[in-house]
Amino acid sequence: MSNAPDRFALFILAEGEKRVEVQEETNIENAVTVVLNKEDHTMGNMLRHAVLAVPGVLFCGYKVPHPLEPRTVLKIQTDGRLTPVQALRTGCERIIAQINQVRTSFQTEVQV
Amino acid sequence: MSGPSSSRESIRPSLKDLSQSDDIDWPSAASSSRNVPPPSLLKKAKGAADRQNGGPKKTVKIAQPSQDDVRYFEPTPKERSAPTAQPGTNQASRFMQRRFLSRPPDGEDDEEDGDGLPAGRFELDFDAEEAGLSTSLRGAAPPQPMRPVMGGVQERTRQARPQPTTPENVTGSSAGSSRFKAVREAERQAASVNVGQRTSRPLNPPKLKAPSVQPPQDEGSSFGLAATTGLPRSSELAAIEKPSADPEVTSLSGRNVDEEWLDEDGTVMSAFRKARLKREGRQPPGGIIKKSSTAARPPARTLEARDDGVGNGDIAAEGAAASDIDPLMRSISTENEAKIKGMKTEDIEQDLKDLEAMFGKDVLEGLKNRKAENGVTKAPERQEEKASDPQSTPPQPLLSSPGPAVMKPSSSRPRFLFDAQGKAISASGLGHQSASNDHGNLHETSGNQEGYSTTSVLLLARSTIAAQRSVALGIISNIAARYGAQLASKSKAGNPSSLPTGQAPTPRFVATELVRLEFHLDAALAAILALHDRQLSVRHAALSCLRVALSFGALETEVKSSMPQDEDVEPEQDQPRSICAQILDAGLLSGLHNVLNGDTVERNSSRELIVAVLIQLVDYDDYIGDALVEPQSSQLLESLLASTLKLPWPSSRSQPVSRAINLLRSLVCSSRMNAQALVQRESIDCVLRYVAIPPWQLEQETREGAMGFELFTACLDLFTDLGKYGMYASLVSRCWDLLEPVQPWALQRLRGKEALKLNEARLLQSYYDLLTTWTVCATDPHQTTPEHEVTWTQLEGWIEGSLDVMQAAVGNPIAEERLMVLAAASRHCKVWLDGADVNAPALKGKFSEQVQGVVSEVCGKTIFQSKLQGLLDVPSAMEHQANGDGLGDDEEEGLSASEKLVLGSQLGNMLLSLSPAQSQQMVAEASTELLQDLEGALSLSSTPSERLAILSLAIEVALSSQGSTADLFAILHLLRAGEETLALRTIRALQIRAAAAISPSTPTAFSSLTPFFLECLDIRPNVKTEAQRPLFRPPIESRPADLKRTMTLRTSLPSSSSGRSHLQRLIAATSQADNTDPTTSSLLWTCPASQGLSPSLRPDWPLLPLDDLLRSAEAAVFNRANNLPDEGWDPNEREVVRETLLFAEWCVEQLLETDAVGGLCSSHLWFACQKVFMLESGLQGDLSKWTGAVTGKDLFRDKEVEPLLGKVMKLAATLAAREATEKRMRCPTLEDLAACHLASTDPSAPPATYYSFYTDLVALYDAISYGHPLFAAALMPPLAMKQYPAPDYRRLIWRDHEHLLATLKVRIDDVGGVGALRAYLAGEEEKEGEEADDLLRAYAGALLNRLDVSRGDEELMPRVALHRVSRFLCSEGTQDERRQRRRAALGRTMATNASPALKEALLRYDWNKEAAVVAAAETLANSQGKYPPAAVRADEFERRTAWLSSLSSS
């Protein structure tokens, strides 16, 4: 496997590569495609569920275009009450809050 | 195309990965049911588990010697002096003893001392061993290890029957001892070298005391010594160890021994002893007798074939009296049983292990099998078992099975009795047995009727009496002939269950049953056996019988395919193969040779029969043709030709067999290799004598005169066939002077007043066909074999003669015979003009004008027009054909209905090709009837070439300005394998018409689809590649470039091809090379559904490019070397999809307009649309970007593809609505389509399932769709499925992808309106048990959270959920307590959580009257596309409301 990609290429961004790229869909209203570089199903699936739970989101789906490329594509469409990026931000905040909550409860439980 | 394919590659695996590689609870494609291993895997796993556990336990019973076991052992001299062991101390089993014995000895002396060894060594008695062994282990295992086991047998025999042992020929010290001892001693003397080498061995041979006198002694017998040291002691052992080295020893069962030697006591000597004595050159002590059983048996051939030694007789045949052995064996057996009962389980198992270690598994298996065999054989109810259990008598060829085993008819089917004329006189049902069979009385009775059953008559064919054999073969051929005719007729098969026992069965029913019983195979094999008979009459009868049986067999394949399969009749795909193999293996060719050489009396009739049989066989399987031509087995053909064709001609003494030329033609047509072999061996030259003298110069009244035309025509046809391979055209330079006189004679006959006779017309037709073929050869002499066989200059002048003949033929009166000549001559003119294009352009213009002149003269004649119309009149031809069947051969003088039709077609084709402008109108008018009933016309044609003529004309007319598009579609669906060129022509015409209709400005429209259609029709678009491919079907139009490539003249391989012929091996190798990826050597993928025209073009052929696009990485059309057109073909995926959809839309619209859908269903279109959603288009982003930017754009969003998809889906919905109302045809389901469209070429790959495709599709929708309405609609069709996996699809959408429901805004009209809605509402989840609970919960949850019920009159999903929940909630149903509990629970949920609007919708919905209301909505034709649900009456609504509120209050 001499041509196997380096392990770090799965999570370290290349030079000039952005962590998140947002491409607006030109022919669909209130829709964006968010490219998450160096991310896989872990982030994609979590974000999909979180964004779908945000009110005003019509569609949210993700795919990993190729299993050997650490790249996740998230598609979000809203009904206009908020922009897709706002929806994504809300989703992210919710996830952060949830994870914090989990961490706190875990620590509490472990201390006891 | 590399771009799109790689981008698609990058998408699709990721989808699969999404569903499979995810560990977390990810709901999209990861369905539990998807990953359940198929049952076959489960089965395998179970098998593996069984193996790990050591498999099922098997037991072997072993006997131990008991205290009263009387044995006499032969002590060594040393032992004799030692104290003998008491029998009473011998408690260990005999195998325990063997175990001890088999320990590695410390030394021979130790062993001979026998210290510590239990008693149990004994001397073997060879006669006894042979008698016992040969019954059980016939050649299956080395006999040596068995000797101790069987040793006791003979000792007991001798004890039971003490014999005076006075050997006269055994010398010296052996006098007074047993004969065995004496023999052994003598032999030991002879083999003293062996003995002398072993110093430790006693020099004096051990002496065997007379058994009746000597007390038991054991330990250290000489055999035990030999066994433990592992060295053969004497030649006896060597003889046993190498049973196959001596022919006498191989005949353990005594089959090959024709004389028997007697022992001193007069009993039959064993084969072993006989072999020994023979080796030593001695005579038997008791003299020699001829084997008594030989005389009573059938001739030797029957013995070989039948007697495999089952039954009591075989022990007797092996040298011991059966009466002696049987009681003995029984007593041993009972003793063994008793002994085993007394043993402990551990002991038994230990002994078993020892046995296995010592003898090996094979011997034990052999013993076990022997036990099983004996059990069956000796059981008195053997016959009944065989009759009642079809499994116990698997179908076997007659030759390899013993007599009773041919009784294949199982008692579950009625058996028939036939009279001597072969007519079934009665059918006996279950339970009727012919007890007489075992006693040689083969005439059976059933009730008050007498006759022969198939079994008995087959047995009778092997009688020892020649007359009986002859009669039996006659009856067999009568049966086969009578019921073969029944098979040929089109009447329906009788229903076996309706057959009353005892009544005469319907002929059709008997015929079908005979096919089931494979009577034809048995008959053929019996006949082949009888071909070797000594009696001439039997041989002749066998020949007739073989002929009839083969005709019956040829029909059988058709019948079997049309026959409804019974549950107990396994479909046997290899059946034809085994039949052919068996016929050949049974010695067919040698049998025929035997008849041919041995026949002196009725030479002619039997020669004709042989020729007929061979023609039948060559047509039946190519392999037989190969076998006839092969140098090592060609004596039959040579001697046949010598006796049928290589005769003086004309001569009144010997008469040639004209059909022998047909046999040569059959061989030539079968394959190029055979034709080449015949030409090289100069087998063809012998027929030249029949063209040397023109038949019209023979005296017409004589027999020769009548035959002359037939032979001459057959020869010309033979030369034509060879010419189609480019062979034998050197005849033009060698003996053109023989054929040249035909031309002036033809002119004389045509210009003369006397009408042309049919045989003369046929001769002229064949003559001009031959000239046509040779003209093709001369057009490009490099294509002939060998090259330059014929050149253009040799035949440049032929055109003048043909023109003269054409002119003369149109002279009055225009009879059919003249038209035949006209058609043939005009064909020659056309081919000559084509050839002149290349070879003599200067001459072409001149003769072209002349030909045009003749054609216009022909077309101008009204009488000719009406004649042509008459020839092409299909209804009258069919009527004529129907009437002609009853009339027999009365109309031998005229042309048959199909011949007339073909003649008309040929004329029409010629006129159209020679002068289209002048003849088009006339031919189109004449062939109106033909186009209207093309199917009927094709049903009249019997040979492929006739079909081709008719189809060519139909296509030409349909393509002309007079034809319609609907005609082209109709023709396309009638085309079959072998007519690919015609199909391509039709498809191209349709493409052009579609292009003209859709976008007149772009004339090259739809050209991007051509490679896909070519691939489907197995035609290579690359001219160079195509020119190098061998042609396995004759070209429809003979072209010079095809001469060398033509591998066969058959349009299709024989239905019963065994796959063994040269041609078939060549086809396999070519297709293998053709379908291998040149770079990766992997197998390329071709869609199984689009493999040519077998049986016909797939109904959704316009959509087939999508299959290849979906698997572009491995599709043959893209990846085969040199497969794509050289230049001018460079569309991308988007363009291919766009053109496919555009073309398909046009085709479906045309079909819908003319109401001739031709097998196209809504599921085809739905599936095609779903495939499009799986594709992507173009490249996006910068390829130089290092990270994964090679991701395409979703194709369905393309601004050209999207509207097209919408249109196709609309057509699909229209078709779905039509199918729902009309129900006139059976449509394949999506599952069926997926199984054949997505199947892999790799046999080890798992079968393609639609569910797997659908999960990928849903996951894709989930990921990228943004709720696209067309994509959403494409997900719907599986939800309307009826059969089993339907709930799985519903579960996938309603439960696993519940979050998608809000985006699935599919209108009812999008899926086909009201008609289709019924299918979506059908299905009764509430009855599906516990598994349905989650679905109901999903429906209810969707109504509560995701769906807007107010849109239920317009949108599909709310309507379905409303229907399902309301139906469950509001129907009282049964009083099933569990159901009531579930209903109440759901009601409480709804009462608590549902909005008032939802509650009202649920309670008001009248699911009972759904169908009626929907139908009413349909008639109202609501223009808004709304289908309001039905509402219940007010009182019912009140009642339901009260019920629900009572639930909420409680």
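Reminder, nothing fancy here: chain letters follow the sequence lines and each chain counts from 1.
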S.K.: Relative to chain B, which segment of A/I76 carries a heavy atom at a distance below 4.5 Å: side chain, backbone, both, or neither?
M.R.: backbone

S.K.: Whether the B/E1114 and B/S1082 side chains hold a donor-acceptor pair (N or O, under 3.5 Å, no angle test) is what I'd like checked.
M.R.: no

S.K.: Kindly assign one of parallel, tilted or perpendicular to the pair A/H41 and A/Y62, based on the angle between their ring planes and the thresholds 30° and 60°.
M.R.: perpendicular

S.K.: B/N1119 side chain to B/A1115 main-chain N or O, any donor-acceptor pair under 3.5 Å?
M.R.: yes

S.K.: Please check if any side-chain donor atom of B/Y1261 sits under 3.5 Å from a side-chain acceptor atom of B/T1303, or the reverse.
M.R.: yes

S.K.: Can you tell whether the side chains of B/E1200 and B/R1138 come within less than 4.0 Å, N to carboxylate O?
M.R.: yes

S.K.: Please identify which of these residues, A/E21, A/K18, A/M43, meets the side-chain contact (heavy atoms from CB on, under 4.5 Å) condition with A/L36.
M.R.: A/M43

S.K.: For chain A, which residues of residues 1265-1276 of chain B have at least one non-hydrogen atom nearer than 4.5 Å to it?
M.R.: B/S1265, B/Y1266, B/G1267

S.K.: So, A/E39 and A/R71, do they make that salt bridge, N to O below 4.0 Å?
M.R.: no

S.K.: Heavy-atom distance under 4.5 Å to chain B: side chain of A/I28, backbone, both or neither?
M.R.: side chain

